[in-house]
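In what follows, a single structure is set out as structure tokens and then discussed.
Throughout, residue positions are numbered sequentially from 1 according to the sequence presented. When reading the values below, keep in mind they use all heavy atoms of this one structure, side chains included, and skip hydrogens, waters and symmetry mates.
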Amino acid sequence: MNITITPKKITKQNFSKFGDMITTDGINPIEINEGFAKRFDGIANLNTSKDNGETTICIFSALKRTFPMKIDMMEKHPLGSQAFIPMKPTTFLAFVAPAGDKPDLNKVESFIVPPGIGVNYNADIWHFPLISTEDMNFLVVDRKGSGDNLVIKNFDKEEIVLKY
């Protein structure tokens, strides 16, 4: 099977089956700190407590990818969601497939995530690891704790290319 995927612009609607687009767009803020700050609640549905998991915040230091790039595997985290938020304005890509025993390559989608936006993958969503368009640090909200929270599916016969 040969597949070429071209990413599309992310929206809250077209990404919702995979997780959350992390943005303040469309959210009414709460004024805090005597008016010197605004708080935007409810921007992502984090889920890290399955099997007594805990939430951790970490930094992933991602290297720039080159395109077109071969997609030779996908991974999922069955016990928790995983959020990626760039630490400075940048564009990155999300490459995802719906939850299931293995990635359904007929339902793979890719998204362009513009500067100022992050993503939160729901638990059990197949995705390719972080696809950065430049060397960049990402704030990551992840699950830590016991249990097997990483499943990897390597592609042997499939030829998948991501164009950007």
Side-chain angles (χ1 to χ4, degrees), residues 1 3-32 37-50 53 55 57-58 60 62 64-65 67-71 73-134 136-143 149-153 155 158 160-164:
M1 173 184 287
I3 302 172
T4 300
I5 302 289
T6 302
K8 58 189 165 195
K9 184 179 178 183
I10 193 170
T11 66
K12 284 184 178 183
Q13 292 73 31
N14 69 10
F15 192 74
S16 65
K17 61 187 160 193
F18 304 109
D20 307 299
M21 186 175 97
I22 298 174
T23 178
T24 58
D25 291 347
I27 297 176
N28 292 323
I30 300 167
E31 192 173 287
I32 60 171
K38 294 178 182 177
R39 177 178 166 152
F40 296 85
D41 285 339
I43 60 173
N45 296 305
L46 300 174
N47 176 5
T48 59
S49 62
K50 188 172 182 180
T55 302
I57 295 175
C58 48
F60 285 17
K64 177 183 178 178
R65 302 281 187 159
F67 301 94
M69 68 177 277
K70 182 179 179 184
I71 302 295
M73 58 79 75
M74 291 184 86
E75 66 182 32
K76 69 176 181 174
H77 306 286
L79 302 180
S81 59
Q82 192 177 45
F84 295 88
I85 305 152
M87 294 185 70
K88 70 175 191 175
T90 190
T91 297
F92 67 103
L93 304 179
F95 187 93
V96 291
D101 291 338
K102 62 181 183 176
D104 184 340
L105 300 182
N106 295 312
K107 295 183 179 177
V108 166
E109 295 186 56
S110 183
F111 299 90
I112 301 167
V113 185
I117 305 293
V119 297
N120 178 52
Y121 297 129
N122 288 338
D124 223 27
I125 291 297
W126 289 101
H127 60 278
F128 190 83
L130 190 54
I131 305 172
S132 187
T133 60
E134 62 181 303
M136 175 66 56
N137 286 338
F138 287 78
L139 183 75
V140 178
V141 181
D142 209 347
R143 180 194 181 275
N149 193 34
L150 176 62
V151 177
I152 296 173
K153 169 66 173 142
F155 301 136
E158 301 86 352
I160 304 168
V161 175
L162 177 60
K163 284 190 169 183
Y164 176 65

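- Remark: Ile22 CD1 to Ile43 CD1 distance equals 6.0 Å, nearest 0.5 Å.
- In terms of modelled atom types and a separation under 3.5 Å, the side chain of Thr133 and the main chain of Thr91 share a donor-acceptor contact.
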### Query
Hey, mind stepping through Phe128 and Met69 against side-chain contact (heavy atoms from CB on, under 4.5 Å) and telling me if it holds?
CA-CA 12 Å; Phe128 190 83; Met69 68 177 277; 3.4 Å; yes
### Task
Step by step, work out the salt bridge (Lys or Arg N to Asp or Glu O under 4.0 Å) result for Lys17 and Glu109.
CA-CA 11 Å; Lys17 61 187 160 193; Glu109 295 186 56; 2.9 Å; yes
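- Relative ring orientation between His127 and His77 is described as tilted, the plane-to-plane angle lying within the 30° to 60° band.
- For Asn47, the side chain to side chain contact (heavy atoms under 4.5 Å, CB included) test picks out Ser49, Ser81, with sequence neighbours left out.
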### Task
Apply the test side-chain contact (heavy atoms from CB on, under 4.5 Å) to residues Trp126 and Tyr121: give CA-CA distance (whole Å), side-chain angles for both, the deciding distance (0.1 Å), then the verdict.
CA-CA 9 Å; Trp126 289 101; Tyr121 297 129; over 6 Å; no
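- Here the side chain of Asn137 pairs no donor or acceptor atom with the backbone of Lys88 at under 3.5 angstrom.
- One finds no salt bridge joining Asp104 and Lys102 here, because no Lys/Arg side-chain nitrogen approaches an Asp/Glu carboxylate oxygen to under 4.0 Å.
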### Task
Before giving the answer on side-chain contact (heavy atoms from CB on, under 4.5 Å), spell out for Phe138 and Leu130 the whole-Å C-alpha distance, their side-chain angles and the decisive distance to 0.1 Å.
CA-CA 9 Å; Phe138 287 78; Leu130 190 54; 3.4 Å; yes
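- Counting non-hydrogen atoms of other residues, nucleotides and ligands closer than 6.0 Å to NZ of Lys12 gives a total above 12.
- In this structure, the side chain of Lys76 engages the main chain of Gly100 through a donor-acceptor pair within 3.5 Å.
- Here the side chain of Ser110 pairs a donor or acceptor atom with the backbone of Ala94 at under 3.5 angstrom.
- Counting heavy atoms from C-beta on, the side chains of Ile10 and Val119 come closer than 4.5 Å.
- Distance alone, capped at 3.5 Å, places no donor-acceptor pair between the Arg65 side chain and the Leu93 backbone.
- When the options Val113, Ile131, Ile112 are evaluated for a side-chain contact (heavy atoms from CB on, under 4.5 Å) with Pro7, the one that passes is Ile112.
- With sequence neighbours excluded, the residues satisfying ring-ring contact (aromatic ring centres under 6.0 Å, His included) with Phe60 are Phe84.
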#### Entry: Intermediate values then yes/no, side-chain contact (heavy atoms from CB on, under 4.5 Å), Ile5 and Val161
CA-CA 6 Å; Ile5 302 289; Val161 175; over 6 Å; no
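- Applying the 6.0 Å contact sphere to NZ of Lys8 captures more than 12 heavy atoms from other residues, nucleotides or ligands.
- Annotation: the span from Ile27 atom CD1 to Ile30 atom CD1 amounts to 10.5 Å, rounded to 0.5 Å.
- Annotation: side chain of Glu75 is not in contact with side chain of Lys153 (no heavy-atom distance under 4.5 Å).
- In this structure, Asn45 places its CG atom where only 12 or fewer heavy-atom neighbours from other residues, nucleotides or ligands lie under 6.0 Å away.
- Taking CG of Asn120 as the reference point, atom CD of Gln82 lies at 9.0 Å (rounded to 0.5 Å).
- Applying the side chain to side chain donor-acceptor pair (under 3.5 Å) test to Ser16 and every residue at least two apart in sequence or in another chain returns nothing.
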